Participant: 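Pasting a structure below so you can have a look.
In what follows, chains carry the letters A, B, and so on, assigned in the order in which the sequence lines appear, proteins first and then strands, with residues in each chain numbered from 1. Note that this is a predicted model, so its numbers are computed, not measured.
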Amino acid sequence: MILFRASVNAMNNSLETLNDPQRQAVETIDGAVLVIAGAGSGKTRVLTERIAHIVRDHGVSPFNVLAFTFTNKAAREMKGRIERACPGIFDLLWVGTFHSTGVRILRRHGERIGVGRDFSIYDSDDSLNLVKGIISRSIMDGRVVKSPRALRDRISRFKNELITPQMAAEEASNNVDTRIASMYAEYEKELRRANALDFDDLIGRVVELFSIDEDARLNYARRFKYILVDEFQDTNPIQMAMIDALASYHGNLFVVGDDDQSIYSWRGAKVEHILDFEHVYPKTTLIRLEQNYRSTKTILEAANHVIAHNVGRKSKTLWTDGAQGENIKLLVSMDEEGEAVNVIQAVREHIGAGVSLKEIAILYRTNAQSRAIEDVLKMSSIPYQIIGSVRFYERMEVRDILAYCKVLVNPADTVNLKRIINVPKRGIGKTTFERLDMVALDRDKSIIDVLRSDGGGISSAAASRCRSFLEVFARLEARVASEVAPRAIEFIVEELKYYEYLNQNYPDSEGRIENVEELISAAHSFAESAENKSLAAFLEEIALVADVDALDLESGQLTLMTLHNAKGLEFECVFITGIEEGLFPHFNSIDDEAAVEEERRLFYVGMTRSKMHLYLSMAGMRRRMGQIDGSVPSRFLYEVPEHCLDAPIERRFRGGDSRESAGAGSLWNQWGDSGASTAQAHPDYESFSQEIQGYQVGMRIRHDNYGSGVVRRVEGSGEQTRVTVIFDRGDERKFLAQFAPMRPL
DNA sequence: TGGTAGAGGCTTTTT
DNA sequence: GCCTCTACCA
């Protein structure tokens, strides 16, 4: 995995090659500017040219410019391009994500609101551990939350919508909400005690700082004469509050977005920020970029047609001068294995036709779908990279070492101390740790402090084990403070005899050791380029890397990733897999019109990633959580105009009279002409008989007693067929299909 | 305290 | 189907 790498794309920086609205977007530098930029309309280019223009042609110091991007990778690329247009500004210009910008501000001014200089950054896994501790400590009368995960997400949602624990408590209308509010308060308290900030705090506490400390706000608001925001449709209220504060002095705020590409409302993003922008910032200049430079006419027409099904949008239509291009291809396979084989087969054809692997991407709705494809890829000789399935920094061995690093930098970090105090095994168990934690809480000290003073009054056996941990820790501490990050990590691994520990405890230790070595080499490459090479600086760098940041488009590999991760990217050839009801649109969205619209936007994002070749792929049945479910083609497929497809949908799915033979109306009759050979070899015809019963996942039904609903799962076959239905009124029930007074609608 | 086995839940999407 | 948590025993 390559973690730190600058892009080497060359680009033409002359303003003459911009079209009229693009040039207007570059040159209108004063006041508020809202750019509605369709997919592939040259938005990135406008952003970079605009910054170059401000600095080069208006003599503004790059010190006075701030730009927000959606990923660190986008930030790096943008900086690279600007540096090429006007060399020497690199160190002065601030370009980054909301999170990394927040960290920068908090490292400087956080102490004014009680954020210690050496704060830890808790990623979602750290947050989850913190939440688990809180749940297990709280006295529960019945189950208040579905899962620790659910509580963590709920808290995150509160924070992103600027709701404090107090507000949550006041708004709580029932017992459950009250309990949740108090656990939220507890969570905040624990974070402070650990001198840690979670992802949301990196923005939220900046907002807090700016609202409390006028001096700090003015310091930044005066400095940033020009502020730019990319992917504006995906900003949430807390980010908007940060933008508003930063723009509060000069008001030269430039935002670019596309309401049709808003795909993050589930994490609090509000398209309303686009729709309301002109009211919040009066005298806004509105610019539309509607000429697409990326895709063929066919792809654009199909995408436009699909997105037109959404009602709540600012109407716009992308157009292109480009070629008509070939039709969109449909791949129909029996199951996910067959789908993988068919997709890879098509990939091979494109390689054969001279398409470079780095220009091909396979996209899917959920990470779980990558597995089947990867299995087939492993058997082929095609090099590939998967973005985001098993994340490097989430591997157990990597987390262990990083947890040591985090505690060494910030000894108050309880969550990570808990992780390492017994790694390698020292006989310090849960009971001991909890007792120490209680004592620490009582004395308002860190656990390390307690151990160092009197050991917290734990039993002598446990105390001596803790002393051995303290000795190791002290040796590490003495060494690590003065070392650069890679040496520090090497020293930790050595001192712990960590490889021996892995060898003794894990049969797959070889791969784990490789991962630790990869971490060390990441630290080395960090130290080569970074100014501050300390362990703390390294931790900060990697805390904020997203999966897409690791994406290497120059490596000549095939890329697999979720549709969400594909935002902002483009490829010659794109496969969108799993175009099935219940998967895409996802089942959790299927009965909520607003949610379906977001899924549709996601589909639109996927389609518009493609420059030339676009494939839509589906499987007739699919394994979901161990069950095999039959599937129905996604409604989105029928929203693609027929003449844009390589074969009429009718003939492929609806041919013949469905009563004539059981399989005629389904996906199954496609095995012959486009199913893979593995698909035919598959012995499981269970779903075939589901056809006889006439129920399929995603289908709407009516039940005489319960009203209408949607089929969620079909299990068994023939007389044994059981159908799980979620009814519109909210409850879920399971029936034997042959007896239930129920029929498809 | 640590190890194991069985149960249960889980998957939407991410900085 | 896989991962994580819990219960129980050594």
Participant: Tell me: CG of A/Asp201 to P of B/dT15, nearest whole Å?
Facilitator: 18 Å
Participant: Please tabulate the protein-to-nucleotide N/O contacts below 3.5 Å involving nucleotides 5-10 of chain C, giving atom names and distances.
Facilitator:
residue	atom	partner	partner atom	Å
C/dC5	OP1	A/Lys132	NZ	2.4

Participant: Just wondering, do A/Trp266 and B/dT13 stack (centres under 5.5 Å, planes under 30°)?
Facilitator: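 By the stated criterion, A/Trp266 and B/dT13 stack.
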Participant: Could you tell me how far apart A/Phe232 (CZ) and B/dT15 (P) are, to the nearest whole angstrom?
Facilitator: 20 Å
Participant: Compare the ring of A/His99 with the six-membered ring in the base of B/dT15 and state whether they stack (centres under 5.5 Å, planes under 30°).
Facilitator: no
Participant: Would you say A/Thr562 reaches B/dT14's phosphate, i.e. side-chain N/O to OP1/OP2 under 4.0 Å?
Facilitator: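 Yes.
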Participant: Between A/Phe603 and A/Phe584, what is the ring plane arrangement, given parallel below 30°, perpendicular above 60°, and tilted in between?
Facilitator: perpendicular
Participant: A/Arg600: which residues meet the salt bridge (charged side-chain N to carboxylate O under 4.0 Å, His left out) condition with it, sequence neighbours left out?
Facilitator: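 A/Arg600 satisfies salt bridge (charged side-chain N to carboxylate O under 4.0 Å, His left out) with A/Glu639 only.
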Participant: Contact class for A/Glu599 (heavy atom, under 4.0 Å): base, sugar-phosphate, or nothing?
Facilitator: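 Base, at least one base heavy atom under 4.0 Å.
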Participant: Under the salt bridge (charged side-chain N to carboxylate O under 4.0 Å, His left out) rule, collect the residues that match up with A/Asp413, sequence neighbours excluded.
Facilitator: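 Not a single residue meets the salt bridge (charged side-chain N to carboxylate O under 4.0 Å, His left out) criterion with A/Asp413.
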Participant: Measuring to OP1 and OP2 of B/dT1, would you say a side-chain N or O of A/Thr432 lies under 4.0 angstrom away?
Facilitator: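 The answer is yes; a side-chain N or O of A/Thr432 sits under 4.0 Å from OP1 or OP2.
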Participant: To the nearest Å, give me how far apart CZ (A/Arg601) and P (B/dT12) are.
Facilitator: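 From A/Arg601 CZ to B/dT12 P: 18 Å.
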Participant: With sequence neighbours excluded, what pairs up with A/Arg157 under the salt bridge (charged side-chain N to carboxylate O under 4.0 Å, His left out) test?
Facilitator: A/Glu161
Participant: Quick test of your reading of the model: are A/Arg107 and A/Glu540 salt-bridged, counting only N-O distances below 4.0 Å?
Facilitator: yes
Participant: Compare all side-chain heavy atoms of A/Met183 with those of A/Arg154 and state whether any distance is below 4.5 angstrom.
Facilitator: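 The answer is no; the side chains never approach within 4.5 Å.
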Participant: Which nucleotide, B/dT1, B/dT14, C/dG1, lies nearest any side-chain atom of A/Asn367?
Facilitator: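 The answer is B/dT14, which lies nearest to the side chain.
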Participant: Do the charged groups of A/Glu339 and A/Arg622 touch, with an N to O distance under 4.0 Å?
Facilitator: yes
Participant: Starting at the 5' end of DNA chain B, which residue's closest nucleotide do you reach first, A/Asp153 or A/Lys425?
Facilitator: A/Lys425
Participant: Give A/Asn422 one of three labels, base, sugar-phosphate or nothing, depending on what nucleic acid heavy atoms sit under 4.0 Å from its own.
Facilitator: sugar-phosphate
Participant: Could you tell me the separation between the CZ atom of A/Arg623 and the C1' atom of B/dC10, rounded to a whole number of Å?
Facilitator: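 Nearest whole value for this atom pair: 17 Å.
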Participant: Output the rounded distance in Å from CZ (A/Arg371) to C1' (C/dC3).
Facilitator: 11 Å
Participant: By the 4.0 Å heavy-atom rule, please label A/Tyr264 as base, sugar-phosphate, or nothing.
Facilitator: sugar-phosphate
Participant: Roughly, in whole Å, what's the span from CD1 in A/Ile238 to P in B/dT14?
Facilitator: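 Atom CD1 in A/Ile238 sits about 21 Å away from atom P in B/dT14.
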Participant: If the condition is side-chain hydrogen bond (donor to acceptor under 3.5 Å, both in side chains), which residues does A/Asn410 pass it with, not counting sequence neighbours?
Facilitator: A/Ser120
Participant: Atom CD1 of A/Ile421 and atom P of B/dT1: how far apart are they, to the nearest Å?
Facilitator: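 So the CD1-P distance, A/Ile421 to B/dT1, works out to 11 Å.
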Participant: Between B/dT12, B/dT1, B/dT15, spot the one nearest the side chain of A/Asn588, thanks.
Facilitator: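 Nucleotide nearest to A/Asn588's side chain: B/dT12.
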Participant: Could I get the full list of ring-ring contact (aromatic ring centres under 6.0 Å, His included) partners for A/Phe199, not counting sequence neighbours?
Facilitator: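 Partners of A/Phe199 by the ring-ring contact (aromatic ring centres under 6.0 Å, His included) criterion, ordered by chain and then number, come out as A/His99.
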Participant: Does the side chain of A/Ser124 get closer than 4.0 angstrom to OP1 or OP2 of B/dT15 through an N or O atom?
Facilitator: no
Participant: On a whole-Å scale, what distance lies between the P atoms belonging to C/dT4 and B/dT13?
Facilitator: 15 Å
Participant: Let me know, please, whether A/Glu598 or A/Gly427 comes out on the 5' side of the other along DNA chain B by nearest nucleotide.
Facilitator: A/Gly427
Participant: Taking 4.0 Å as the cut-off, does a side-chain nitrogen or oxygen of A/Asn565 come that near to OP1 or OP2 on B/dT14?
Facilitator: yes
Participant: So, OP1 or OP2 of B/dT15: does either fall under 4.0 Å of a side-chain N or O from A/Asn160?
Facilitator: no
Participant: Report the distance from atom OH of A/Tyr604 to atom P of B/dT13, rounded to the nearest whole Å.
Facilitator: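 Taking OH of A/Tyr604 and P of B/dT13, I get 24 Å after rounding.
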Participant: Hey, does A/Arg149 reach any base, or is it just sugar-phosphate, or nothing, if we go heavy atoms under 4.0 Å?
Facilitator: sugar-phosphate
